[in-house]
A.B. asks: 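Handing you a structure now.
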Amino acid sequence: MAKIKPQALLQQSKKKKGPSRISITNIVIYTLALLLVVFVLFSAYKRWAQRSEIPTHNGRSVLEDAAFPGMKNTNVPRFATLDTGKGSMTIELFKDTAPNVVDQFMKLCQDGYFKGFLFRRVVKHSVIQAGDSGEFDAVKDWALGRKNLDTSLKQEEFMVGTPKAKNEQGGFEFFIVSAQITDLNEKLTIFGRVAKGQNVVQDIEEVETDEQYQPKSPIEIMSVTLLQDM
């Protein structure tokens with residue numbers, strides 16, 4: 001076997017390629033690419049986690065949060081079902097025309113604020129009031145003499161609104177109006193309408209009340225469920 005001379009070995013080693021060096025520029029590029037991939041994966045996981053936490057009610061999607069930044073409008077609740085001692089009614093929420101009130105209402109729903117809420121005043125064929133600020137006398141005004149009722153109006157019935165007058169106690173109250181009332185928009189911010197369960201509203205209006213229009217037997221809201229559709 002022929003021996004390889006030392007000079008030949010030296011020449012062969014020189015011909016071998018040394019390890020390639022990675023420049024600082026390449027390191028920065030790879031690092032940025034890796035961070036971008038991590039960010040995309042994290043964003044995808046966050047969206048998936050949000051959707052997986054959405055509960056259902058009767059086979060329909062229910063969203064718990066009142067604030068939905070970055071989510072499509074189709075995912076925002078458009079209805080609220082009130083389970084009361086007289087049955088269930090579903091309110092269509094007017095997010096486009098009363099966004100601030102609807103957001104507040106949904107947040108309170110999420111917090112369970114309306115659980116045990118009472119219908120404080122009831123005027124037959126006119127209005128029912130849930131909650132009581134102690135400052136707002138709209139029910140009394142509308143009931144006395146019924147002078148603000150106008151059957152010639154084309155206003156839609158079963159509208160849901162909250163007083164424009166500030167509640168000094170910091171609470172929230174709302175009215176469901178089943179009559180045509182001339183000064184409705186002057187006193188209330190309309191944020192919805194009863195789209196289903198109008199008969200429940202009428203049943204509540206039929207309960208016996210005292211001289212202050214307060215039901216003699218308590219009628220409460222047992223729960224509220226936010227829905228994307230009815």
Side-chain angles (χ1 to χ4, degrees), residues 57-58 60 77-95 97-98 101-102 104-106 108-109 113-133 136-144 146-164 167 171-227 229-230:
H57 176 75
N58 293 335
R60 299 187 296 266
R78 298 186 300 116
F79 300 91
T81 294
L82 279 60
D83 293 319
T84 77
K86 290 291 185 179
S88 297
M89 66 180 79
T90 299
I91 298 173
E92 179 185 1
L93 302 174
F94 295 164
K95 175 71 173 177
T97 57
V101 175
V102 170
Q104 182 185 11
F105 177 79
M106 289 193 295
L108 292 172
C109 291
Y113 178 81
F114 296 111
K115 185 176 182 180
F117 220 55
L118 293 177
F119 288 99
R120 298 287 186 178
R121 293 189 177 94
V122 173
V123 181
K124 190 174 182 179
H125 305 316
S126 297
V127 60
I128 60 178
Q129 176 190 15
D132 189 356
S133 67
F136 192 66
D137 289 330
V139 172
K140 185 177 179 181
D141 293 342
W142 292 337
L144 289 178
R146 306 175 71 82
K147 60 185 178 182
N148 289 322
L149 302 182
D150 187 350
T151 56
S152 67
L153 290 175
K154 299 302 181 182
Q155 162 192 308
E156 193 170 358
E157 295 181 348
F158 299 100
M159 306 303 286
V160 183
T162 190
K164 289 183 177 180
N167 189 336
F172 187 95
E173 61 183 339
F174 62 89
F175 294 78
I176 301 176
V177 183
S178 61
Q180 307 293 325
I181 298 176
T182 57
D183 57 352
L184 178 67
N185 291 320
E186 295 176 11
K187 295 184 179 293
L188 299 181
T189 298
I190 303 301
F191 68 92
R193 71 177 181 89
V194 178
K196 183 179 179 181
Q198 293 93 339
N199 60 307
V200 176
V201 177
Q202 294 169 337
D203 288 344
I204 294 175
E205 289 180 342
E206 294 293 334
V207 302
E208 189 176 358
T209 63
D210 60 20
E211 63 277 4
Q212 298 297 321
Y213 306 101
Q214 296 177 346
K216 292 185 176 180
S217 297
I219 307 170
E220 71 176 35
I221 297 173
M222 296 176 288
S223 66
V224 181
T225 304
L226 298 177
L227 304 170
D229 54 69
M230 290 198 300

A.B. asks: For side chain to side chain contact (heavy atoms under 4.5 Å, CB included), just list the numbers for Val224 and Asp83, CA-CA rounded to whole Å, side-chain angles, deciding distance to a tenth of an Å, and then say yes or no.
C.D. replies: CA-CA 6 Å; Val224 181; Asp83 293 319; over 6 Å; no
A.B. asks: When rounded to the nearest 0.5 angstrom, what distance separates CE in Met159 from CZ in Phe175?
C.D. replies: 15.0 Å
A.B. asks: For residues Ser178 and Glu205, is any side-chain donor paired with an opposing acceptor at under 3.5 Å?
C.D. replies: yes
A.B. asks: Are Phe119 and Thr84 side-chain neighbours, meaning at least one heavy-atom pair lies under 4.5 Å?
C.D. replies: yes
A.B. asks: Closer than 3.5 angstrom, by distance alone: can the side chain of Thr162 be matched with the main-chain N or O of Thr189 as a donor-acceptor pair?
C.D. replies: no
A.B. asks: Mind checking what makes ring pair (Phe, Tyr, Trp, His ring centres under 6.0 Å) contact with Phe191, not counting sequence neighbours?
C.D. replies: Phe105
A.B. asks: Nearest 0.5 Å, please: how far is CG in Leu82 from CD in Glu220?
C.D. replies: 12.0 Å
A.B. asks: Measure the CG-CD1 distance between Leu227 and Ile91 for me, rounded to the nearest 0.5 Å.
C.D. replies: 11.5 Å
A.B. asks: Are side-chain heavy atoms of Glu173 and Pro163 found at a separation under 4.5 Å?
C.D. replies: yes
A.B. asks: Val122 and Ile204: which non-hydrogen atoms are nearest, and at how many Å?
C.D. replies: CG1-O, 3.4 Å
A.B. asks: Applying side chain to side chain contact (heavy atoms under 4.5 Å, CB included) to Gln198 and Phe158, what does each step give before you reach the verdict?
C.D. replies: CA-CA 7 Å; Gln198 293 93 339; Phe158 299 100; 3.6 Å; yes
A.B. asks: Roughly how far, to the nearest 0.5 Å, is CE of Met106 from CZ of Arg78?
C.D. replies: 12.0 Å
A.B. asks: Is it true that Thr81 and Thr90 share a donor-acceptor pair across their side chains at a distance under 3.5 Å?
C.D. replies: yes
A.B. asks: Search all heavy atoms of Phe94 against all heavy atoms of Val102 and return the closest pair with its distance.
C.D. replies: O-CG2, 3.6 Å
A.B. asks: Which heavy atom in Ala98 sits nearest to a heavy atom in Ile190, and how many Å separate them?
C.D. replies: CB-O, 3.6 Å
A.B. asks: Measuring from Leu108:CG to Phe172:CZ, what's the distance to the nearest 0.5 Å?
C.D. replies: 6.5 Å
A.B. asks: Apply the test side chain to side chain contact (heavy atoms under 4.5 Å, CB included) to residues Ile176 and Val127: give CA-CA distance (whole Å), side-chain angles for both, the deciding distance (0.1 Å), then the verdict.
C.D. replies: CA-CA 6 Å; Ile176 301 176; Val127 60; over 6 Å; no
A.B. asks: Are any non-hydrogen side-chain atoms of Ile219 and Lys86 less than 4.5 angstrom apart?
C.D. replies: yes
A.B. asks: Would you name the heavy atoms of Leu93 and Pro77 that are closest together and state the gap between them?
C.D. replies: CD1-O, 4.4 Å
A.B. asks: Run the side chain to side chain contact (heavy atoms under 4.5 Å, CB included) test against Lys115 and tell me which residues pass, sequence neighbours left out.
C.D. replies: none
A.B. asks: Return the CD to CE distance between Gln202 and Met89, rounded to the nearest 0.5 Å.
C.D. replies: 10.5 Å
A.B. asks: Where do Glu206 and His125 land on the side chain to side chain contact (heavy atoms under 4.5 Å, CB included) test, with the steps shown first?
C.D. replies: CA-CA 8 Å; Glu206 294 293 334; His125 305 316; 3.6 Å; yes
A.B. asks: At their closest point, which heavy atom of Pro218 faces which heavy atom of Leu118, and how far apart are they?
C.D. replies: CB-CD2, 4.2 Å
